[in-house]
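For clarity, every value in this text was computed on a predicted model and none was experimentally measured. Just the heavy atoms: all of them, side chains too, but no hydrogens, waters or symmetry mates, feed the values below.
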Amino acid sequence: MKAEKKEEQKQEQQEEKSIPIWRRYRIRLIPIWLRLIIVAILIMISTAVGAMVGYGVIGDGKPLDALKPSTWQHIIDVVEKDTDK
């Protein structure tokens with residue numbers, strides 16, 4: 001029994017030695033909370049760019065007008081006008 005335990009311990013030690021030290025201990029370069037913030041910012045940027053492309057290219061308007069609150073208020077007014085019937 002003792003010989004088997006010693007053999008198992010030797011095998012475990014050899015396995016640990018065969019794994020490079022950088023693989024044993026993983027240090028995250030970018031923490032998870034920062035990754036979530038980065039993803040949220042990228043979503044906001046892509047939404048703004050998508051609205052600008054849709055309004056400017058597809059809708060034949062000025063792309064920067066898509067970011068103005070007055071444009072969005074007009075869109076909301078048009079949608080609510082149709083539903084008040």
If you round to the nearest 0.5 Å, how far is [atom2] of [Y] from [atom1] of [X]?
{"X": "Leu34", "Y": "Ile38", "atom1": "CG", "atom2": "CD1", "value": "4.0 Å"}
{"X": "Thr71", "Y": "Lys62", "atom1": "OG1", "atom2": "NZ", "value": "11.0 Å"}
{"X": "Gln73", "Y": "Lys68", "atom1": "CD", "atom2": "NZ", "value": "15.0 Å"}
{"X": "Met52", "Y": "Thr47", "atom1": "CE", "atom2": "OG1", "value": "13.0 Å"}
{"X": "Ile30", "Y": "Ile37", "atom1": "CD1", "atom2": "CD1", "value": "12.0 Å"}

According to a hydrophobic-cluster definition based on side-chain heavy atoms being under 4.5 Å apart (Ile, Leu, Val, Met, Phe, Trp, Tyr only), do [X] and [Y] belong together?
{"X": "Trp72", "Y": "Ile45", "answer": "no"}
{"X": "Leu36", "Y": "Met44", "answer": "no"}
{"X": "Ile58", "Y": "Val78", "answer": "no"}

> What pair of heavy atoms forms the shortest contact from Tyr55 to Ala66, and how long is it?
Replying inline: CB-CB, 3.6 Å
> For Asp60 and Val57, which heavy atoms make the closest approach, and how far apart are they?
Replying inline: OD1-O, 3.5 Å
>> Tell me if the CD1 atom of Ile32 is crowded by more than 12 foreign heavy atoms within 6.0 Å.
In response: no
